[in-house]
There are 2 protein chains.
Amino acid sequence: MIVGVSQSSGKMSRSDELTREGVPWNEFTDRRGSEISGEAEPSQYMYQIIEGAVRTYKLLSDGRRQINAFHLPGDVFGVESGEVNRFTADAIIETRVRLTGRQIIFENASCRKSSAMDNILHLITKNLEHAESHMLLLGRKTSLEKVAAFVLEMDKRPTAAGVMILPMGRRDIADYLGLTIGTVSRALSILKNRGALTFIRQAQREIVLRDRRKLAELES
Amino acid sequence: MIVGVSQSSGKMSRSDELTREGVPWNEFTDRRGSEISGEAEPSQYMYQIIEGAVRTYKLLSDGRRQINAFHLPGDVFGVESGEVNRFTADAIIETRVRLTGRQIIFENASCRKSSAMDNILHLITKNLEHAESHMLLLGRKTSLEKVAAFVLEMDKRPTAAGVMILPMGRRDIADYLGLTIGTVSRALSILKNRGALTFIRQAQREIVLRDRRKLAELES
DNA sequence: CGACTCCTTGACAGCGTTCAACAGTAGTGG
DNA sequence: CCACTACTGTTGAACGCTGTCAAGGAGTCG
């Protein structure tokens, strides 16, 4: 990681507000694939992504992996940890994050009284909400429904600007949806053949949604 | 629901401490199968279970169901809601719960400053932790691993006292694990045949764990 | 251009579902 | 207390969705 210094800026979302509580943030750049924080390590920091993409996941002993969430620019993660991290976080592509000690937030009396606590509660609640919908997806949706839901979810993210550029590969998508690479690939082909989306310039990670209505129906 | 009046009592767990903040709780009894709170309704209350069992779940439009969690005596749920409930909660068996308005907790200044906020954060964090492990289970474990994990999870609950008496039926277990009734039943039979557990007196909901080590190995 | 990784696609196998029959359990009323 | 009924759980057989394995194509980077 390369150390830098950050300054809060940009639009005021709920997560950005946290950065205005007079808390010092340090900025880092993580290379593609590098680990930001590891499962079962003491959790010291919370992170906000400036640029890039991060995946958080859990592993089974034999290597099976479940990605809990993808974090894109603006997202905050690590707030919800207890004493130790419950999952691993690493950079999918080159990523700039800024971080701050968690105890600064939780032990600082002025923070507790301020709206910072509301923001933290809001962030954690959002996480929980996402986790609960994702359980429904993992437990009860078909592969086609899962992939349609994934595409629509990514479409709602700030990345979207006409063309959707996915930072993650098929392996990551599969581990997020509880599928295999092959099934993800097949489902995307089906969606393409049905006219719900198209790929750009033969690059499989650049997608244009052609029929959000059809996708929403397929999501179930 | 039948109205009653409650008084805090019993051992002091993290969730019990919340009941000692001078907050008024009302007590209710819910009959088997009755809905306690519905998805998308405004969320007004948080609940603690005194006796019985509650399931919280989400539904797809065609009736497919995913149970997020089972709540047993002592458990608190509903703290984590935002403006509206994100899931439905109903009683699996006859259940006594006590409830209190959520805004009393969140808007009361004395509560905010006190340890009540720590307890709330702790409860929500526990929920999130459970949701994340459950995603790993739903997305990446086999049917046998899922059922073994379920049995071990229930074994850790206060219900356990030599014999484990499951309040929920096979349908609920299936919808919790992302399986069907048949698969759950088959997996339990396999565990029984392998000597990992036994049923009591032909009652399929009373289980004795014979080999927790073997179950733990099968879990993953 | 060459080597590597990533993605797609096909053939096949297998796990879990579906459907159905049966058995065991519980609930109800005579 | 028993008979009747409805519900719940078990088990078998066949199907199908998704996984597995492999080959080949496309993209990327040196």
Side-chain angles (χ1 to χ4, degrees), chain A residues 31-33 53 55 60 62-66 92-94 137-148 150-151 165-194 197-207 218 220, chain B residues 31-33 55 60 62-66 92-94 137-151 165-193 197-207 218:
Chain A
R31 289 221 309 281
R32 183 170 180 247
R55 62 189 165 222
L60 290 175
D62 60 0
R64 281 175 287 175
R65 183 179 65 158
Q66 177 63 46
I92 298 174
I93 53 179
E94 177 152 327
L137 178 146
L138 289 170
R140 286 302 179 214
K141 289 188 180 178
T142 66
S143 63
L144 196 60
E145 289 168 346
K146 286 177 176 179
V147 173
F150 169 75
V151 172
I165 300 175
L166 299 176
M168 70 293 282
R170 298 292 189 267
R171 159 74 56 193
D172 288 332
I173 300 176
D175 286 348
Y176 180 60
L177 300 177
L179 298 171
T180 58
I181 292 182
T183 305
V184 170
S185 191
R186 266 180 254 275
L188 283 171
S189 296
I190 292 172
L191 294 178
K192 188 181 69 180
N193 294 336
R194 292 193 189 174
L197 52 80
T198 54
F199 297 108
I200 295 294
R201 300 194 311 174
Q202 282 93 342
Q204 298 109 326
R205 294 193 188 181
E206 301 181 15
I207 294 177
L218 287 170
S220 171
Chain B
R31 289 221 308 283
R32 183 169 180 248
R55 61 188 164 223
L60 290 175
D62 61 358
R64 281 175 288 175
R65 184 178 65 158
Q66 176 62 46
I92 299 175
I93 52 179
E94 175 153 328
L137 177 147
L138 290 170
R140 287 302 181 216
K141 289 188 179 178
T142 66
S143 62
L144 197 60
E145 289 168 344
K146 286 177 176 180
V147 173
F150 169 76
V151 173
I165 300 175
L166 299 175
M168 72 291 286
R170 297 292 188 266
R171 159 74 55 192
D172 287 333
I173 300 175
D175 285 348
Y176 180 60
L177 299 177
L179 298 171
T180 57
I181 292 181
T183 304
V184 170
S185 189
R186 268 179 251 275
L188 284 171
S189 296
I190 292 172
L191 294 178
K192 187 181 69 180
N193 293 335
L197 52 81
T198 54
F199 297 108
I200 296 295
R201 300 195 313 176
Q202 282 94 339
Q204 297 109 325
R205 295 191 187 182
E206 300 181 14
I207 294 177
L218 288 170

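All values below come from the heavy atoms of this structure, side chains included, with hydrogens, waters and symmetry mates left out. Naming: A, B, ... by sequence-line order, numbering from 1 per chain.
- Glu206(B) places its CD atom 17 Å from the P atom of dT8(D), with the value rounded to the nearest Å.
- Leu138(A) approaches Tyr176(A) most closely through the heavy-atom pair CD2-O, 3.7 Å.
- Protein atom CZ of Arg64(A) is 15 Å distant from nucleotide atom C1' of dT18(D), rounded to whole Å.
- Relative to the axis of its first five pairs, the axis of the last five pairs of the helix from dC1(C)-dG30(D) to dG30(C)-dC1(D) sits at 50°, rounded to 10 degrees.
- In this view, Glu206(A) and Val163(A), Ile165(A), Ile200(A), Arg201(A), Ala203(A) satisfy the side chain to side chain contact (heavy atoms under 4.5 Å, CB included) rule, not counting sequence neighbours.
- Sequence order on DNA chain C of the closest nucleotides to Arg32(B) and Lys141(B) puts Lys141(B) first from the 5' end.
- Residue pairs that meet the salt bridge (Lys or Arg N to Asp or Glu O under 4.0 Å) test with at least one member in residues 178-192 of chain B, sequence neighbours left out, do not exist here.
- For DNA chain C, the span of nucleotides reached by chain A at under 4.0 Å from its heavy atoms goes, 5' to 3', from dC6(C) to dA11(C).
- Here the P atom of nucleotide dT28(D) and the CD1 atom of Ile93(A) are 14 Å apart, to the nearest Å.
- When the salt bridge (charged side-chain N to carboxylate O under 4.0 Å, His left out) test is applied to Arg170(B), no partner is found at least two apart in sequence or on another chain.
- Residues passing the salt bridge (charged side-chain N to carboxylate O under 4.0 Å, His left out) test with Arg64(A), sequence neighbours excluded: Asp62(A), Glu145(B).
- Per the geometry, CZ belonging to Arg171(B) stands 19 Å off P belonging to dA6(D), to the nearest Å.
- With sequence neighbours excluded, the residues forming a side chain to side chain contact (heavy atoms under 4.5 Å, CB included) with Thr198(A) are Val208(A), Arg210(A), listed by chain and number.
- Of the residues in residues 177-189 of chain A, those with a non-hydrogen atom less than 4.0 angstrom from any atom of DNA chain C are Ile181(A), Gly182(A), Ser185(A), Arg186(A), Ser189(A).
- Between the C1' atom of dT28(D) and the CD atom of Gln204(A) lies a distance of 11 Å, rounded to the nearest Å.
- Residues passing the side chain to side chain contact (heavy atoms under 4.5 Å, CB included) test with Ser143(A), sequence neighbours excluded: Leu179(A), Thr183(A).
- How far CG of Leu188(B) is from CG of Leu197(B): 6.5 Å, rounded to the nearest 0.5 Å.
- Using a 4.5 Å cut-off on side-chain heavy atoms (C-beta onward), Lys141(A) and Leu177(A) make no contact.
- Heavy-atom distances to DNA chain D give each of Arg170(B) and Ser143(A) a nearest nucleotide, and the one nearer the 5′ end belongs to Arg170(B).
- Contact annotation: the side chain of Ile173(B) approaches that of Leu166(B) to within less than 4.5 Å [non-hydrogen atoms, C-beta and beyond].
- Taking Arg171(B) as the reference, Arg65(B), Asp175(B), Ile181(B) meet the side chain to side chain contact (heavy atoms under 4.5 Å, CB included) condition, with sequence neighbours excluded.
- The interatomic distance linking Asp175(B) (CG) with dG9(D) (P) rounds to 12 Å, in whole Å.
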